[in-house]
Peer 1: 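Would you mind keeping the following structure in view while I ask a few things?
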Amino acid sequence: MADAPVTTERRSTAPLFSWAKPIVFTLGSVAVTMLGLLFVTFIIGRVMPIDPVLAVLGERASQEAYDATYKAMGLDQPLLVQFFYYLTDVLRGDFGMSILNARPVSEDIARVFPATLELATIGIIIGVVLGVPLGVVAAVKRGSWIDQIARVVALVGYSMPIFWLGLMGLLVFYGILGWVGGPGRLDIFYEDIVPARTGMILVDSAIAGDWSVFRNAFSHIVLPASLLGYYSLAYISRMTRSFMLEQLSAEYVTTARVKGMSEWAVIWVHVFKNIRVQLITVIALSYANLLEGSVLTEIIFSWPGIGSYITTSLLSADMNAVLGGTVVVGLVFIVLNVFSDLLYRVFDPRSK
Amino acid sequence: MTLLEVEDLWVKFPTRQGIFEAVRGVSFSLGKERLGIVGESGSGKSMTGRAILRLIRKPGIVEAGHITLEGTDLMQLSEKEMRKVRGQRISMVMQDPKFSLNPVMTIGAQMMEAYLLHKNTSKTQARAKSLEMLKAVSISDPERVMRAYPHEMSGGMGQRIMIAMMLIPDPQILIADEPTSALDVSVQRQVLDIMDRLVTERGMGLIFISHDLNLVAEFCDRVLIMYAGRVVEVCDADRLHEAKHPYTQGLLNSLPRIEDPRKHLVALKRDDAWAEAPSVSGVKADA
């Protein structure tokens with residue numbers, strides 16, 4: 001009996017197919033989700049009590065002009081047909097014209113989204129780089145002064161309104177101390193110096209090698225990004241702490257200690273590997289949150305991002321712009337979800 | 001020859017209701033033998049095992065006259081020195097391999113790590129040693145097992161892997177904390193046989209912690225019976241049926257026996273005095 005052969009399950013499917021299947025499945029589910037998102041946003045746009053014709057022509061247009069435009073915009077067609085047209089346009093990257101500034105919505109989004117992307121990315125980097133270690137240490141040194149600090153940091157992050165912290169930050173670091181740049185992405189005499197390749201000024205100026213622009217852009221982004229970073233830090237550190245506490249009582253931790261490992265090796269080699277999967281979800285969610293555009297932050301810091309873009313468009317009944325913005329935000333969410341799903345597969349052998 | 005001597009070991013946990021004493025003044029010695037520690041849940045047997053390795057985490061407190069491993073008092077060692085004792089000189093196998101192996105690391109990585117922590121050698125050497133150990137615990141396809149993850153293993157295999165992993169740096173003492181309680185009855189025997197063979201071959205001392213009186217009687221040389229954090233009786237395993245303490249007798253009477261069928265099993269009647277009586281010493285005089 002002692003020499004019983006080892007049996008592990010053999011995969012019945014061929015290796016090529018077992019690799020292709022999840023990819024096809026993922027792409028399929030992304031397509032279906034996108035279609036659903038487009039449909040829902042389109043319907044919401046159409047049932048809003050806003051007359052798109054009047055929005056274009058103005059209220060004093062004649063009946064003939066109204067009818068002609070009504071027809072030209074395809075509004076006489078059934079709703080499903082209209083959706084089909086909208087869908088084919090969107091697939092070509094055409095979200096229609098903005099009513100506000102008579103420019104293609106896609107151009108507007110290409111301008112505002114990189115601004116948000118730049119801000120959110122630096123924000124999430126700050127949140128992860130500081131939040132994860134803080135959470136880990138708080139869990140390991142549970143009840144110590146460092147745990148208390150982490151608790152206060154998170155509490156402030158949860159309960160303080162972001163606009164207030166933003167205004168105070170501007171007052172102290174810009175107004176009084178003058179350490180950082182003020183609202184906006186650049187000082188006015190640095191604008192339009194480097195060619196916009198990505199729309200992210202830090203990246204563009206680095207590509208162009210213009211470090212004075214880079215420094216100026218950095219001095220402008222550092223405060224709003226720290227602010228957003230602080231809010232994601234509050235969430236990320238709390239979640240990291242509770243994931244860690246859950247794992248620290250597991251038996252495999254005792255095994256690692258019995259082997260004679262040092263406490264820090266136990267934590268970073270064994271325990272941390274087990275919370276990676278959960279952390280990915282938390283980080284992806286925070287990042288998606290920031291990418292939706294934090295409207296209040298963008299307004300306080302005059303940051304021309306997608307959050308303030310959608311809000312302004314909504315207030316001026318510019319439905320094409322609102323729809324376009326919503327679709328982009330939805331797409332970001334879906335992409336991040338797929339991405340974290342893929343990372344799951346890499347990090348958790350049980351998900352295979 | 002005495003490998004380990006424990007004198008007056010206490011394990012305490014401060015709680016809101018006052019200090020809870022999990023182990024209360026236990027003394028025993030261990031030679032190159034199989035020493036069983038038996039007791040019900042909460043009798044302090046697992047805590048005794050963990051206290052020897054100094055694995056009781058704060059706020060738990062371990063106190064002892066001394067815990068001497070071949071002349072070195074473990075209580076006096078720094079944490080860093082203690083890490084050289086763990087794994088390398090005293091090792092431990094825990095109850096359920098489902099939880100005691102790291103789920104997101106390959107078995108190979110976990111085994112090699114156990115070896116590399118204490119031996120200053122190459123990864124190739126560690127790999128060869130791991131494969132050899134897996135073969136020693138009757139795993140017939142060690143190459144594949146090395147690449148596999150714990151969830152792909154059955155309980156019996158997992159426990160054999162645990163044993164292999166814990167014996168890889170050649171420790172002198174193995175503490176087996178309920179090593180077969182989570183396994184199916186059909187593989188318990190197999191795992192025990194493997195463990196017994198390895199421990200005997202290597203001339204190791206084994207502390208076998210279990211709640212299963214029959215198993216311990218059959219498997220060990222000497223038995224400590226623990227009750228409420230104290231040792232109430234010490235006897236040779238083959239003379240367990242001659243045990244005098246009413247608790248041990250009660251435990252024995254509460255077990256069904258195939259050669260002596262009975263209509264009713266006697267329920268154990270507890271006496272508060274057992275918990276108060278001083279701990280019996282399990283120190284064996286050196287021959």
Side-chain angles (χ1 to χ4, degrees), chain A residues 1-12 15 139-147 243-280 343-352, chain B residues 50 53 55 57 59 79-80 82-106 110 113-114 117-118 134 137-142 144-145 148-154 156-157 160 162 165-166 168-169 175 186-187 189-191 193-194 197:
Chain A
M1 195 50 205
D3 286 298
V6 176
T7 47
T8 43
E9 277 173 48
R10 225 163 221 285
R11 302 257 152 69
S12 54
V140 173
K141 308 263 176 204
R142 187 182 186 180
S144 70
W145 59 271
I146 206 155
D147 189 18
F243 296 153
M244 283 297 288
L245 284 179
E246 194 187 313
Q247 293 293 327
L248 279 171
S249 57
E251 272 294 65
Y252 70 84
V253 180
T254 310
T255 305
R257 287 186 186 130
V258 170
K259 281 180 183 173
M261 289 185 94
S262 73
E263 198 56 25
W264 284 109
V266 170
I267 286 153
W268 290 107
V269 177
H270 282 268
V271 185
F272 193 70
K273 274 186 185 154
N274 277 278
I275 69 163
R276 281 186 310 196
V277 167
Q278 291 162 295
L279 262 190
I280 288 164
L343 283 179
Y344 270 33
R345 282 168 202 279
V346 177
F347 285 146
D348 192 348
R350 287 163 296 189
S351 67
K352 276 177 193 146
Chain B
R50 278 161 206 237
L53 280 162
L55 282 173
R57 311 285 298 168
E79 181 57 29
K80 204 175 164 193
M82 196 59 213
R83 289 208 295 268
K84 293 204 177 99
V85 173
R86 289 188 199 124
Q88 178 151 247
R89 301 185 64 190
I90 307 180
S91 206
M92 179 160 81
V93 173
M94 277 155 294
Q95 185 166 349
D96 195 338
K98 256 193 211 76
F99 304 117
S100 51
L101 290 165
N102 191 332
V104 299
M105 283 170 80
T106 60
Q110 297 186 55
E113 176 189 74
L117 269 170
H118 298 292
L134 284 174
V137 293
S138 306
I139 280 175
S140 59
D141 191 357
R144 190 164 81 211
V145 169
Y149 286 93
H151 71 278
E152 297 168 289
M153 299 292 122
S154 67
M157 273 177 78
R160 282 185 280 156
M162 246 337 250
M165 186 165 89
M166 286 319 193
I168 212 175
I175 301 171
S186 54
V187 292
R189 190 80 253 171
Q190 180 194 356
V191 168
D193 285 344
I194 288 171
R197 196 187 72 221

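Each chain gets a letter, A, B and so on, in the order the sequences are listed, and its residues count up from 1.
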Peer 1: Which residue out of B/Gly87, B/Ser100, B/Pro150 racks up the most heavy-atom pairs below 4.5 Å with chain A?
Peer 2: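 Of the options given, most contacts go to B/Ser100.
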
Peer 1: Charged N to carboxylate O under 4.0 angstrom, A/Arg257 versus B/Glu79?
Peer 2: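 Salt bridge flag = no for B/Glu79 with A/Arg257.
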
Peer 1: Under a 4.5 Å heavy-atom cut-off, does chain A meet the side chain of B/Met162, its backbone, both or neither?
Peer 2: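 Just its side chain gets close to chain A.
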
Peer 1: Go through the atoms of B/Leu101 and report whether side chain, backbone, both or neither lie under 4.5 Å from a heavy atom of chain A.
Peer 2: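 The answer is the backbone of B/Leu101.
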
Peer 1: Return the minimal non-hydrogen interatomic distance between B/Pro103 and A/Pro349, and the atom names on each side.
Peer 2: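 Heavy atoms of B/Pro103 and A/Pro349 come nearest at O-CG, 3.5 Å.
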
Peer 1: So which atom in A/Lys259 and which in B/Gln110 form the shortest heavy-atom distance, rounded to 0.1 Å?
Peer 2: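 Closest approach of A/Lys259 to B/Gln110: NZ-O, 2.9 Å.
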
Peer 1: Among B/Lys84, B/Gln88, B/His118, who wins on heavy-atom pairs under 4.5 Å with chain A?
Peer 2: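 With the most close heavy-atom pairs to chain A, the winner is B/His118.
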
Peer 1: Using the side chain to side chain contact (heavy atoms under 4.5 Å, CB included) rule, take B/Asn102 and A/Thr255 through it: C-alpha gap first, then chi angles, then the decisive distance, then the call.
Peer 2: CA-CA 9 Å; B/Asn102 191 332; A/Thr255 305; over 6 Å; no

Peer 1: Look at B/Glu113, B/Arg50, B/Arg189, B/Met165 and state which one has the largest set of heavy-atom pairs under 4.5 Å with chain A.
Peer 2: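 The option with the most such pairs is B/Glu113.
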
Peer 1: Can you tell which of A/Ser262, A/Ala265, A/Ala250 has the highest number of heavy-atom pairs within less than 4.5 Å of chain B?
Peer 2: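 Most heavy-atom pairs within the cutoff with chain B belong to A/Ser262.
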
Peer 1: Ignoring hydrogens and angles, write down the donor-acceptor pairs under 3.5 Å from the side chains of residues 139-146 of chain A, residues two or more places apart or on other chains.
Peer 2:
residue, atom, partner, partner atom, Å
A/Ser144, OG, A/Lys141, O, 2.7
A/Ser144, OG, A/Ile146, N, 3.4

Peer 1: Measuring heavy-atom distances to chain A, does B/Met92 have an atom under 4.5 Å in its side chain, in its backbone, in both, or in neither?
Peer 2: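 Both backbone and side chain of B/Met92 come within 4.5 Å of chain A.
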
Peer 1: Evaluate the side-chain proximity of A/Val258 to B/Met166: yes if any heavy-atom separation is below 4.5 Å, no if none is.
Peer 2: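 With C-beta onward as the side chain, the pair touches.
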
Peer 1: Could you tell me which portion of B/Asp193 (side chain, backbone, both or neither) has an atom closer than 4.5 angstrom to a non-hydrogen atom of chain A?
Peer 2: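 Neither part.
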
Peer 1: May I ask you to name which of A/Val271, A/Val269, A/Thr254, A/Asn274 has the most heavy-atom pairs under 4.5 Å with chain B?
Peer 2: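 When all of A/Val271, A/Val269, A/Thr254, A/Asn274 are compared, A/Asn274 has the most.
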
Peer 1: Of all of A/His270, A/Arg276, A/Lys273, which one pairs up most often with chain B through heavy atoms under 4.5 Å apart?
Peer 2: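 Counting heavy-atom pairs under 4.5 Å, the top option is A/His270.
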
Peer 1: Considering all heavy atoms of both residues, which atom of B/Leu117 and which atom of A/Met261 are nearest to each other, and what is their separation?
Peer 2: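 For B/Leu117 and A/Met261, the tightest heavy-atom pair comes out as CD1-CG, 3.2 Å.
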
